[in-house]
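Worksheet: the structure to be examined is printed underneath.
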Amino acid sequence: MSPGPRSLDAPPTPARSALRWAPRIVLGALVVALLLVGGTAIRVWQLGRTDERQPVDMIVVLGAAQYDGEPSPVFRARLQHALELYEEGVAPRIVTVGGAAAGDAFTEAQAGEQWLVENGVPGQALLPVDEGTDTFGSFEAVAAVAEQRGWNSAVLVSDPWHSLRSRTMAADVGLDATTSPTKRGPVVQTRETQFRYIVRETGALIYYHLTHGSSDFSDPGLG
């Protein structure tokens, strides 16, 4: 007696194949995203703990909030660190950068220059560059001035967790830049603040890599 006909499974349709692979694709995307975010956060943290100071053409101080010419605590910490680098002979000049918010009488660059003069830096060793409305725009302005004057190398002074994004942007505009972050000020006072800024800078750096657009996000909590 011959066996009856065998039942055969219907061949998979494109829709069934897609449903079968969808969970794996989603899981793979999540793993890649976690690796990207985690790896970037580690790099932000590592460079923030590294001081790359070396003899250069200029010390570049990134601006922060100022109030009628008076640097905020965050900005003052950066300026104090730049002053120490200058006194150590890291560079013969300091470039202060940063524009003005609407209604301000001073730019961040001017406020920084004024503070440094008041603290003993001769005016001829200072150059305020008050163009640019964000970090990348400021670096573009600094690069243009540096090219005109034959300067190429720079040590960037900012907060620790801003170092990687700053160095990345500086390299993108043609500057040979290293970093020397400040270790004082509100940004490094507590572990909670440090964690918040690492998260913030991780997101900002990823956004910059993806869009090459402005990745500065205002933070009303710290000036």
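What you see below is based on every heavy atom in this structure, not just the backbone, and it leaves out hydrogens, waters and symmetry mates.
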* Structure fact -> Distance col, row Gln110:CD vs Leu126:CG, nearest 0.5 angstrom, shows 12.5 Å

* **Non-hydrogen side-chain atoms of Leu83 and Leu116 separated by less than 4.5 Å** => yes

* Asked: Taking Thr96 for the side chain and Ala109 for the main chain, is one N or O donor matched with an acceptor at less than 3.5 Å?
  -> yes

* Asked: Of all residues at least two apart in sequence or in a different chain, which pass the side chain to side chain contact (heavy atoms under 4.5 Å, CB included) check with Ala125?
  -> Tyr86, Val121, Pro122

* Heavy atoms, side chains only, cut-off 4.5 Å: are Asp51 and Lys183 in contact? -> no

* **Which residues share a side chain to side chain contact (heavy atoms under 4.5 Å, CB included) with Glu88, sequence neighbours left out** => Arg53, Leu85, Val90

* Asked: Residues sharing Phe195's hydrophobic cluster, by side-chain heavy-atom contacts under 4.5 Å among ILVMFWY, directly or via others?
  -> Val199

* Asked: Is the backbone of Ala177 close enough, under 3.5 Å, to the side chain of Arg167 for a donor and an acceptor to pair up by distance?
  -> no

* Asked: Are any non-hydrogen side-chain atoms of Leu205 and Glu201 less than 4.5 angstrom apart?
  -> no

* How long is the span from the CG atom in Leu164 to the OG1 atom in Thr202, to the nearest 0.5 Å? -> 8.5 Å

* To do: Answer yes or no: is there a side-chain heavy-atom contact under 4.5 Å between Met169 and Arg165?
  => yes

* Flag side-chain contact, heavy atom, 4.5 Å: Trp115 against Val61 -> no

* Asked: Which heavy atom of Asp130 sits nearest a heavy atom of Thr107, and at what distance?
  -> CB-OG1, 3.3 Å

* side chain to side chain contact (heavy atoms under 4.5 Å, CB included) partner of Val97, the single match among Leu156, Val129, Thr135 -> Val129

* Indicate the atoms forming the closest heavy-atom contact of Thr178 with Gln54, along with that distance. => CG2-NE2, 3.7 Å

* Qualifying residues under side chain to side chain contact (heavy atoms under 4.5 Å, CB included), relative to Glu84, sequence neighbours excluded -> Gln80, His81, Arg184

* Distance (rounded to the nearest 0.5 Å) between Gln114 CD and Leu79 CG -> 11.0 Å

* Asked: side chain to side chain contact (heavy atoms under 4.5 Å, CB included) with Arg93: which residues, sequence neighbours excluded?
  -> Asp57, Met58, Trp151

* Asked: Of the non-hydrogen atoms in Ser72 and Tyr67, which two are nearest, and what is the gap between them?
  -> CB-CE1, 3.6 Å

* Distance, nearest 0.5 Å, that separates CH2 of Trp45 from OG of Ser163 -> 13.5 Å

* To do: Specify the closest pair of heavy atoms between Ala111 and Pro71, including all atoms of both residues, with the distance to one decimal.
  => O-CG, 4.1 Å

* Structure fact -> Smallest heavy-atom separation, Pro186 atom then Thr193 atom, equals O-CG2, 3.5 Å

* Short question: side chain of Asp159, backbone of His162 - any donor-acceptor pair under 3.5 Å? -> no

* Structure fact -> Taken to the nearest 0.5 Å, the spacing of Ile198 CD1 from Thr40 OG1 works out to 12.5 Å

* To do: Run through the side-chain heavy atoms of Ile, Leu, Val, Met, Phe, Trp and Tyr, join any pair under 4.5 Å, and report what else lands in Phe106's cluster.
  => none

* Structure fact -> Heavy-atom closest pair (Ser166 atom, Phe139 atom, distance to 0.1 Å) is O-CE1, 3.4 Å

